[in-house]
Amino acid sequence: MLLMECVLHLYVSTVELSLDSPLNDRKKKDAVKPSLSAPAASVASSSSKAPSKTLEELEEEESEDKFDLNISVTNPEKVGDGMNAYMAYKVSTQTSLTMFRSKTFTVRRRFSDFLGLYEKLSEKHSQNGYIVPPPPEKSILGMTKVKVGKEDPSSAEFVERRRAALERYLQRVVSHPSLLQDPDVREFLEKEELPRAVSTQALSGAGFLKMLNKATDAVSKMTIKMNEQDVWFDEKIQDVENEEQHMRKLHVMVESLVNHRKELSGNTAVFAKSVAMLGSSEDNTALSRALSQLAEVEDRIEQLHQEQASNDFFTFSELLADYIRLLGAVKGCFDQRMKAWQRWQDAENMLQKKREAEAKLLWANKPDKLQQAKDEIAEWEAKVTQYEREFERISATVRKEVIRFDKEKARDFKRQIVKYLESLLNSQQQLIKYWEAFLPEAKAIA
Amino acid sequence: MEVSSAEAALSVSASSIRITDVTQDGDVLTFAIASQKLNSSAGVCVFRIYEDFDWLQQSLFSQENLPGLQGIIFPPLPSKALPSQSNTQTKALKQLGFLALGQDWQSYCKALEFYLQQVAAHPTLCKCKALDSFLINSESPGKQRGRKGIFNRLSQAVEEMRKESHKDVDNFFQNERNKNTNLAALSKVATEKLLDVVMTEQKLALACGHFATSLHLCVNQDDAAAVAFSKVCLKLSDVIEAVNRNFEKVASNDLSTLGLGLDLESRYQEAEKEMLFRRTCKLIELETVKKGTEKAKASKREVIERFHSSRVNVLKNFLIGWCELQLNTAKEFAELYSQHLEACRNMYSE
């Protein structure tokens, strides 16, 4: 299949290919990515209403017509009781890719399964410089509430938040061309029963970040003064650091926005009630009715504010949180490259030592040990070659990954803005309807 | 011979009264009041400070030999504004409620303007010479702190007596008192709750502003992908800026119409309460002198009825104004968001 060939080519070189489809002629200028984000655009998630296809989605679908993989995470269900209870999610896949056994299939997974998937992927691919998407945060408080059976809006919100995060996580994994080929991913999506992932404690959200930070600390403590041949990497890591800082700041602001909206929603509800009471005490019939109508309008506006708060949250707050974690993973790649460089340098040093040792033996004229020395030199020469090649390969991968990541990021954010605007527009149109309905009531007061 | 105040009529048109400007000098606010003369096209403009308004109100209360004065529901005068720097917004809000909000004392001026219009439109009060003098004399009414009107004298005199529980002999008025007490409390609550809503809307606007500005931090022109991302961030910044302006507009609409209206309603309920209180005091006075209940016709039902129809009308106009403003704002921003959406969809992310 054309896609597989593309992926294979990409693995070996950094040449970008464009899919040869007439529909893509207008996109020929853009380097079209086998890195696909179509699943994210056209996935049906349980929380959104059936969206009419936006222009964006149609464009993407046209260009990705050879790749078809939709994933949704739905139906969170509590399994079991008490502290051993857990949430099981339905993971549904729709695809035309031949690497899967069927076109549509569904499995049930729990949170630790997702963490287990991450652990496997990270083990295999991080050291090669791949950006492995990090899993959603683990939350002891959130989960405990759910386990204990607290049926309040905050638990429902927590479950929804997690469901959405798990869905985004899977979408990012499958839109990575190399990760998609990993049999563990296929197994995760297809296999009926997965063995329980046990060692996921260290991989929870906070644990993950801690691990990354430790790794970065360890690397910096090694005082690696990397002789950077390619200044691109130096500049890029700086950009990544800056960007992470900015996103953290933005995240704080969005949280503030969400909270204010929630507050507004609460205040509007209280106001609506006070107007309702005023209306029911009013003698003048028309005024009384107008005030009651007003109370109803305000109630509906309160609902709009709630939805908009949720919109703010899921569109931006979660997006920023995801990217803060992703940028952590990007930094991890750079660290892996550093490690590879260090390994190479250490091998070079070792080779140098062996050569010196050989020279010493030659001078001391000890022919019996000479063969061993020569063997060791050969061994280390091979290692140096191997590590150098690995370093070059990892450098190429990191570079490619970062470029792909940047493109993906721009597309992701753009998509979210469009979604946000659509929701804003919808709210405004609702508001217009409410005001237009109220105006005659106000005019009817006599 | 002096023309009795009962005969003098107002020489300007009530509906033309406007407060056109306000200046602040330290603690003192000076208002420019303009009005149109009735029998010519000439306009008049005078400058007044709050004390002058107070003088006017006191003069209205203390008109002598005016039958039925006690039965009048006096248009309520807003409290004095204290614009000094040490006055925090919380203090100002406590004192003036809605009128403390809004830029450059807009709401406050509107309330004062309304007060003057109501006095000028009142069939009895418009004849008061003090009003005419207030509106057309270039010199301010002077620092005459007039005699305290009947209103103050009476309330002070009977303060010790428990007048609230004193039932009215007339059912109509007793009902009216009950309704008034109820409505006064409810409209006060509604005003406060709307104030909370407006404050939160303003907070939201501010938060949006910060968010929009911070997005500019992400601009980075290093390479093609960074440029694309920067474009996206700047676009988002524009959108959030629009949301900011939206909230500001909505809050301002709330302030200038419904907020003002509810505040006025609240103060009018208080004014009616004062009137009914005066009636009760009169009743008590009469009963102690045993002059019979016929004299208790100090208030007329028509006054009450007229009060209500005028009140309802005022509220109606505010509600219509509010609805229309909010509708226009919603349409304006729907259009703006629609444009942004179009622009976003067409934006290439590379």
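No hydrogens, no waters, no symmetry mates; every other heavy atom, side chains included, goes into these values. Only a predicted model underlies this, so the values are computations on that prediction, with no experimental measurement involved.
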Q: Measure distances from A:Asp283 to the heavy atoms of chain B and classify the residue's part below 4.5 Å as side chain, backbone, both or neither.
A: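 Only the side chain of A:Asp283 comes within 4.5 Å of chain B.
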
Q: Quick check on the interface: out of B:Glu335, B:His308, B:Glu324, who has the most heavy-atom pairs with chain A under 4.5 Å?
A: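 Result: the option with the highest number of such pairs is B:Glu324.
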
Q: Under 4.5 Å from any heavy atom of chain A, what part of B:Asn246 do you find: side chain, backbone, both or neither?
A: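 Interface part for B:Asn246: side chain.
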
Q: How about NZ on A:Lys409, more than 12 heavy atoms from neighbouring residues, nucleotides or ligands closer than 6.0 Å, or not?
A: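 Enclosed: over 12 neighbouring heavy atoms sit under 6.0 Å from NZ of A:Lys409.
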
Q: If the test is side chain to side chain contact (heavy atoms under 4.5 Å, CB included), which one of A:His246, A:Lys249, A:Met247 qualifies with B:Cys218?
A: A:His246

Q: Which of parallel (below 30°), tilted (30 to 60°) and perpendicular (above 60°) describes A:Phe438 and B:Trp322?
A: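 Geometry flag for B:Trp322 against A:Phe438: perpendicular rings.
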
Q: Count the heavy-atom pairs under 4.5 Å between each of B:Leu194, B:Leu183, B:Asp196, B:Leu206 and chain A, then report the option with the highest count.
A: B:Leu194

Q: Heavy-atom distance under 4.5 Å to chain A: side chain of B:Ser309, backbone, both or neither?
A: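 Looking at B:Ser309, nothing touches chain A.
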
Q: Can you measure from CZ (B:Phe229) to CD (A:Glu408) and round to the nearest 0.5 angstrom?
A: 12.5 Å

Q: Picking from B:Leu215, B:Asn313, B:Thr191, B:Asn328, which has the most non-hydrogen pairs under 4.5 angstrom with chain A?
A: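 So the answer, after comparing B:Leu215, B:Asn313, B:Thr191, B:Asn328, is B:Leu215.
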
Q: Heavy-atom distance under 4.5 Å to chain A: side chain of B:Leu325, backbone, both or neither?
A: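 Neither part.
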
Q: At a heavy-atom separation under 4.5 Å, does A:Glu243 approach chain B through its side chain, its backbone, both, or neither?
A: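 Contact with chain B: side chain only.
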
Q: Based on non-hydrogen pairs under 4.5 Å, which of B:Leu319, B:Val197, B:Leu262 is most in contact with chain A?
A: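 The candidate making the most pairs under 4.5 Å is B:Val197.
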
Q: Let me check something: any side-chain donor-acceptor pairs from residues 233-245 of chain B under 3.5 Å, sequence neighbours excluded? List them with distances.
A:
residue, atom, partner, partner atom, Å
B:Lys235, NZ, B:His340, ND1, 3.1
B:Ser237, OG, B:Ala212, O, 2.7
B:Ser237, OG, B:His216, NE2, 3.3

Q: Among the options B:Glu192, B:Lys179, B:Glu201, pick out the one with the most heavy-atom pairs lying under 4.5 Å from chain A.
A: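 With the most close heavy-atom pairs to chain A, the winner is B:Lys179.
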
